[in-house]
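Counting starts at 1 for both ligands and their atoms, following the listed order.
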Amino acid sequence: MTTSVHAHPGLNRDNATSSPAVQAVSLTKNYGRGATRVSALREVSVNFDAGRFTAIMGPSGSGKSTLMHCLAGLDTADSGQILVGGTDITALNDKQLTALRRDRIGFVFQAFNLVPTLTAEQNITLPLALANKATDTAWFDTVVSTLGLKDRLRHRPHELSGGQQQRVAVARALLTRPDVVFGDEPTGNLDSTAGGEVLALLRRSSREMGQTIIMVTHDPVAASYADRVVLMSDGNLVGEIAEPTAASVLAALGKLGG
Ligand SMILES: Nc1ncnc2c1ncn2[C@@H]1O[C@H](COP(=O)(O)OP(=O)(O)O)[C@@H](O)[C@H]1O
Ligand SMILES: [Mg+2]
C-alpha cells in the first residue's frame with residue numbers, strides 16, 4: 001500500500017497526475033420506489049487524479065453526500081463501478097470493505113470524531129494501532145510538524161480548540177498514507193479563521209505530500225482551496241471548474257440555481 005509517492009514531501013506533484021486514485025464508472029443509486037423514488041445518482045462517471053484536491057459542490061439534495069459515501073465504501077450503489085487505487089470496491093464483501101476503508105481511506109468529518117479519553121498523539125496513531133501496524137516515526141513527525149501539532153500531542157481533545165481538534169483529525173487521516181482522504185464539510189464546525197487554516201493544511205498535504213483529497217462542501221470559499229471543483233445537480237455531474245476561485249464557484253452555482 002505504501003508507495004514512494006508519499007515518502008518525500010514535495011517530490012511527487014508532477015508525476016502524481018497520471019493515474020486516477022479514485023474512479024466512478026456509471027454510478028447509479030436510487031432511494032425508495034414507485035412514486036417516492038428518488039434518483040440520487042444517475043450514471044455518474046468521474047475520475048479523481050492522484051495527488052489532487054477536489055471539491056464536490058452542488059445544491060442541497062443534488063447527490064454530493066451519496067456520491068462521497070459510495071466512493072468511500074460507506075454506502076453501496078445500485079449499479080456501476082468504483083475503483084479505489086485500482087481495486088473495484090463494488091466487488092468486495094463487507095469484511096474486505098472494512099479492511100479497505102481502514103487501510104486505504106482517510107476520513108475527516110464535520111464533527112471531529114476524536115476519542116475524548118485519548119491524547120492527540122493516541123488519536124492520531126489509533127488507526128495504525130487498530131490495524132496492528134507500527135507507526136512510521138519519520139512520517140509521523142512530518143505530518144505532525146506540517147500540521148503544527150508538535151506541542152499539542154499530550155493534550156486531550158477537550159484541551160484543544162476546534163481548529164486544533166480538526167488538525168488532529170487531519171493528521172490521523174494522513175498518517176496511514178491512504179489512497180484518498182474524504183472530507184465531509186470538514187470545516188463546517190469551525191470559524192472562518194480556523195477553517196481557513198485546516199483548508200490550507202489540506203491543500204498543503206496534497207501539494208507537498210501528494211495526498212489525494214475529495215471534499216464535499218457547500219462553501220465557495222472552502223472550495224477555492226481545491227485544485228478542481230466538480231458540480232452536481234439532480235444526481236448528475238454537470239460541470240467542473242479548474243483552479244477555482246470563490247467568485248468562479250459562486251457564479252457556477254448561481255447558474256445551477258443552488
Ligand atoms: N437515506 C435516504 N433515503 C431516501 N432518500 C435519500 C436518502 N439519502 C439521500 N436521499 C435523497 O437523495 C438525494 C441526494 O441526497 P444527498 O446525496 O444527501 O444530497 P446532497 O448531499 O447533495 O445534499 C436527495 O433527494 C435526498 O433527499
Ligand atoms: Mg449532503
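Protein non-hydrogen atoms do reach within 4.0 Å of atom 25 (O) of ligand 1. For atom 7 (C) of ligand 1, the nearest protein heavy atom lies closer than 4.0 Å.
Under the 4.5 Å side-chain criterion, counting only non-hydrogen atoms from C-beta, P59 is not in contact with H218.
Residue T66: no N/O/S atom is found under 2.8 Å from the Mg ion (ligand 2).
Nearest protein neighbour of atom 9 (C) of ligand 1, counting heavy atoms only, is Y31 CE1, 3.3 Å. Protein heavy atom closest to atom 17 (O) of ligand 1, with residue, atom name and distance, is T66 OG1, 2.6 Å. Regarding atom 27 (O) of ligand 1, its nearest protein heavy-atom neighbour is V38 CG1, 4.9 Å. The nearest protein atom to atom 19 (O) of ligand 1, hydrogens excluded, is given as G63 N, 3.2 Å; this is a heavy-atom distance.
Within the set S65, G61, G32, G58, the minimum heavy-atom distance to atom 23 (O) of ligand 1 is found for G61.
Ion pairing between a basic and an acidic side chain is recognised when a charged N comes within 4.0 Å of a carboxylate O; K64 and D184 show no such pairing. Ionic pairing of R42 and D234 is present here: one or more N-O contacts between side-chain nitrogen and carboxylate oxygen are shorter than 4.0 angstrom.
Using a 4.0 Å heavy-atom cutoff, G235 is absent from the residues neighbouring ligand 1.
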